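See structure below.
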Amino acid sequence: MPSLYPVAGAKISIGPAVNSVPDDEDIDATDFASVTWTEIKGWQTMGAIGDAATLITESVISSGRDLKAKGTRNAGSMQNNFIILPADTGQIALIAAEKTDFNYPFRIEFDDAPPTGSAPKGTIKYFYGIVMTAQENGGGANTARLISGNIEINSVIITVAPTTGA
């Protein structure tokens, strides 16, 4: 029977602003090793991440058909929601990041560590992105107020597989 990988237990963290993002082929997990991470708490909904190719279409008159090709890749717009926690340093950092034009490193840690080993760790994803929104969402009477934190991913996404630690 296939395994399910719940989002429950995952954590998202933000690092300090960077002056520039390395080229995709130059980015690996070591680029994120010295980052001082701040968890953004109250994560209620995780947005989608991952590359999608842009469609290039050219209409050919003589054949009456469109020719298609893949263009550049886009790692997506991660639309997250957070339960408002006014004193949370991660939410404060997210809100401050929205006010700048800088890229920030992000880390997602999933709760899928192997059940064995001396120091098991779950899947980790690293990427750089710009924070486009930190808007408050309302809702109905029985809805918690949320912060909508939209992150435009601006790099390749580095995935570090789960490990047992030894």
Side-chain angles (χ1 to χ4, degrees), residues 2-58 66-82 88-114 117 119-135 146-166:
S3 297
L4 295 176
Y5 299 99
V7 175
K11 297 177 181 179
I12 187 169
S13 300
I14 186 172
V18 296
N19 288 327
S20 63
V21 174
D23 291 334
D24 281 357
E25 60 272 3
D26 296 331
I27 299 174
D28 62 29
T30 62
D31 293 311
F32 301 91
S34 63
V35 173
T36 301
W37 297 104
T38 303
E39 182 183 351
I40 308 169
K41 295 188 178 170
W43 201 15
Q44 186 253 10
T45 307
M46 177 184 166
I49 62 172
D51 273 346
T54 301
L55 177 63
I56 299 171
T57 305
E58 290 296 332
D66 288 350
L67 296 179
K68 298 178 184 180
K70 285 185 175 182
T72 58
R73 310 213 40 94
N74 185 327
S77 179
M78 186 181 191
Q79 298 176 1
N80 302 289
N81 287 312
F82 301 89
D88 178 60
T89 55
Q91 288 190 13
I92 292 167
L94 182 77
I95 292 165
E98 186 279 325
K99 295 177 182 352
T100 76
D101 295 335
F102 295 111
N103 280 277
Y104 292 80
F106 287 89
R107 175 181 70 188
I108 300 173
E109 300 170 280
F110 290 99
D111 189 20
D112 62 351
K121 294 187 186 235
T123 303
I124 299 175
K125 293 190 179 282
Y126 296 110
F127 58 90
Y128 293 98
I130 47 180
V131 179
M132 298 301 292
T133 64
Q135 298 171 316
L146 303 172
I147 293 175
S148 175
N150 183 18
I151 302 164
E152 287 290 336
I153 300 171
N154 213 12
S155 73
V156 66
I157 298 167
I158 303 297
T159 301
V160 178
T163 63
T164 60

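Computed from a prediction, not measured in an experiment: that's the story for all the values here.
The two residues Ser155 and Ala75 make their nearest non-hydrogen contact at O-CB, 3.5 Å. Here the closest heavy-atom approach between residue Ile130 and residue Asp101 is recorded as CG2-O, 4.1 Å. The shortest heavy-atom contact between Ile14 and Ala97 is CD1-CB, 4.0 Å. Taking each heavy atom of Asp26 and Pro22 in turn, the nearest pair found is CB-CB, 4.3 Å. Here the closest non-hydrogen pair linking Val35 and Gly15 is CG1-CA, 3.8 Å. When all heavy atoms of Glu98 and Ala134 are compared, the closest pair comes out as CG-N, 3.7 Å.
Residues satisfying the side-chain contact (heavy atoms from CB on, under 4.5 Å) test with Asp31, not counting sequence neighbours, are Ile27, Asp28, Tyr128.
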Worksheet entry | Intermediate values then yes/no, side chain to side chain contact (heavy atoms under 4.5 Å, CB included), Ile153 and Ser77 | CA-CA 6 Å; Ile153 300 171; Ser77 179; over 6 Å; no

Item to complete: Show your reasoning for whether side chain to side chain contact (heavy atoms under 4.5 Å, CB included) applies to Arg107 and Phe32.
Response: CA-CA 9 Å; Arg107 175 181 70 188; Phe32 301 91; over 6 Å; no

Fill in: side chain to side chain contact (heavy atoms under 4.5 Å, CB included) between Phe82 and Ile12, worked out
CA-CA 11 Å; Phe82 301 89; Ile12 187 169; 3.9 Å; yes

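We find the CG-CG distance between Asn81 and Leu146 to be 5.0 Å, quoted to the nearest 0.5 Å. Between the CD atom of Glu109 and the CD1 atom of Ile124 there is a distance of 5.5 Å, given to the nearest 0.5 Å. Between Ile56 atom CD1 and Lys68 atom NZ the span is 12.5 Å, to the nearest 0.5 Å. Between Ile158 atom CD1 and Tyr126 atom OH the span is 10.5 Å, to the nearest 0.5 Å. Between the OG atom of Ser13 and the OH atom of Tyr104 there is a distance of 15.5 Å, given to the nearest 0.5 Å. To the nearest 0.5 Å, the span separating CG on Leu94 from OG on Ser148 amounts to 9.5 Å.
Looking only at side-chain heavy atoms (C-beta outward), Met46 and Ile108 come within less than 4.5 Å of each other. Between Phe106 and Met78 there is no side-chain heavy-atom pair separated by less than 4.5 Å. Residues Pro114 and Thr163 have side chains not in contact (no heavy-atom distance under 4.5 Å, counting atoms from C-beta outward). In this structure, the side chains of Phe127 and Ile151 come closer than 4.5 Å at one or more pairs of heavy atoms.
Contacts classified as side-chain hydrogen bond (donor to acceptor under 3.5 Å, both in side chains) and involving residues 35-58 (residues at least two apart or in different chains) are given here: Trp43-Asn80.
Here the side chain of Thr133 pairs no donor or acceptor atom with the backbone of Gln135 at under 3.5 angstrom.
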